[in-house]
Amino acid sequence: MDDPSLPQEKSLDRMKRQAGYHAAGMVEDGMVIGLGTGSTTFYAMERLAFLIEEGLRIQGVPTSFQTEMLARELRIPLTTLDTYPELDLAIDGADQVDPSLRLIKGRGAALTREKCVAAAAQHLVIIVDASKCVGALDGPVPLEVIPFALHPVILGIRALGGIPELRSGIRKDGPVITDNGNFILDCSFGSIDEPERLEGILTLMPGVLSCGLFCEFVEKSIVVVGSEDGCRELKHVDLTG
Ligand code: 5RP
């Protein structure tokens with residue numbers, strides 16, 4: 001039976017649509033933008049496709065094969081970081097957002113390209129439903145790990161007190177293989193007291209391509225939190241006064 005205290009799926013979808021459509025409305029004519037990955041980004045892209053039909057001219061850099069395929073389907077013009085190493089903004093989802101706008105990302109295993117695009121963007125617009133906002137980051141932190149280094153990285157995570165779990169495929173036997181040909185280790189640390197410090201340590205482990213903690217973008221981030229009947233924007237400047 002459904003837990004009545006949790007928002008039902010339809011309601012979650014409404015929240016995601018609110019956030020996605022709001023973010024699409026922040027895109028201006030002529031912009032080159034990063035296109036994140038996931039079900040909330042889907043709504044932003046759906047709205048962008050509509051706006052493009054209405055005359056909006058933009059180009060997008062996709063962060064995954066999934067997003068690239070969807071963009072082609074929706075006729076959103078695509079480009080690359082080779083052509084545009086600097087982007088006007090990036091729109092992406094997140095798995096958890098804390099009150100300082102630090103994130104955990106990577107449920108879709110697209111964290112490496114998502115981090116590249118976030119770093120290249122002047123502004124990062126994170127779109128989430130209200131269930132993603134937490135008091136402290138405590139979800140599993142995905143790491144993209146090159147297969148060669150899997151076992152040393154597992155030992156390293158255990159030495160930090162974490163519990164690493166190799167992500168398995170659904171409708172595929174064996175591990176998930178990322179768009180870059182690597183594995184994903186989901187690492188549980190409980191409540192994360194110092195996310196910046198942990199991100200630094202994890203990122204420096206040999207064989208770790210990237211870490212799903214996103215702490216370095218807070219100053220250029222706007223988090224759009226969708227609710228059933230609208231959304232609110234959270235910005236670093238508002239938090240720091
Ligand atoms: C993919 C991601 C996604 O942006 C994140 O998992 C949120 O996805 P969704 O909007 O479907 O909840 O980081 O790697």
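Whatever order the structure lists ligands and atoms in, that order sets their numbers, starting from 1. Computed from a predicted structure; not experimentally measured.
- The nearest protein atom to atom 2 (C) of ligand 1, hydrogens excluded, is given as Glu114 OE2, 3.3 Å; this is a heavy-atom distance.
- With Phe42 as the aromatic partner, Lys16 does not meet the cation-pi criteria of under 6.0 angstrom to the ring centre and within 45 degrees of the ring axis.
- Heavy-atom contacts of Asp92 reach the following atoms of ligand 1: 4 (O) (cutoff under 4.0 Å).
- Classification of Asp95 and Lys105 as a salt-bridged pair fails, no side-chain N sitting under 4.0 Å from a carboxylate O.
- A salt bridge links Glu233 with Lys235: the closest approach of a Lys/Arg side-chain nitrogen to an acidic carboxylate oxygen falls below 4.0 angstrom.
- No part of Pro142 comes within 4.0 Å of ligand 1, judged by heavy-atom distances.
- Not counting sequence neighbours, Glu28 has no partner by the side chain to side chain donor-acceptor pair (under 3.5 Å) test.
- Every atom of ligand 1 with a heavy atom of Gly106 under 4.0 Å away is listed here by number and element: 2 (C), 13 (O), 14 (O).
- Between Glu199 and Arg102 there is no salt bridge, since no side-chain N of the basic residue sits under 4.0 Å from a carboxylate O of the acidic one.
- Heavy-atom distances between Gly36 and ligand 1 stay at or above 4.0 Å for every pair.
- Contacts between Ser64 and ligand 1 below 4.0 angstrom, taking non-hydrogen atoms only, are absent altogether.
- Per-residue contacts place Lys105 under 4.0 angstrom from the following atoms of ligand 1 (heavy atoms of the residue considered): 2 (C), 3 (C), 4 (O), 13 (O).
- Regarding atom 8 (O) of ligand 1, its nearest protein heavy-atom neighbour is Arg107 NH2, 3.1 Å.
- The ligand atoms of ligand 1 that sit less than 4.0 angstrom from a heavy atom of Gly38 are 11 (O).
- Among Ile126, Asp92, Leu101, Leu103, the one residue that satisfies the side-chain contact (heavy atoms from CB on, under 4.5 Å) test with Phe214 is Leu103.
- Counting only heavy atoms from C-beta outward, the side chains of Leu78 and Arg72 approach each other to under 4.5 Å.
- When only interatomic distances are considered, the shortest N/O to N/O separation between Thr41 and ligand 1 does not fall below 3.5 Å.
- For the salt bridge (Lys or Arg N to Asp or Glu O under 4.0 Å) test, no residue two or more places apart in sequence or in another chain qualifies with Asp88.
- Two residues are said to be in side-chain contact when any heavy atoms from C-beta on lie closer than 4.5 Å; Val27 and Leu51 fail this criterion.
- Looking only at protein heavy atoms, the nearest one to atom 12 (O) of ligand 1 is Lys132 NZ, 2.7 Å.
- Selection from Thr67, Asp95, Thr63 by nearest heavy atom to atom 7 (C) of ligand 1 gives Asp95.
- Annotation for Glu196: atom CD counts as buried by contact number, over 12 foreign heavy atoms lying within 6.0 Å.
- In terms of protein heavy-atom proximity, atom 3 (C) of ligand 1 is nearest to Thr37 O, 3.2 Å.
- Polar contact check, Gly108 against ligand 1: a nitrogen or oxygen pair lies under 3.5 Å apart.
- Counting heavy atoms of neighbouring residues, nucleotides and ligands inside a 6.0 Å radius, atom CD of Glu54 exceeds 12 of them.
- Nearest to atom 9 (P) of ligand 1 among the protein's heavy atoms is Ser39 OG, 3.3 Å.
- Each of the following atoms of ligand 1 lies closer than 4.0 Å to a heavy atom of Ala110: 14 (O).
- Taking atom 10 (O) of ligand 1 as the reference point, the nearest protein heavy-atom neighbour is Thr40 OG1, 2.6 Å.
- Listed by number with element, the atoms of ligand 1 under 4.0 Å from a non-hydrogen atom of Ala109 are 14 (O).
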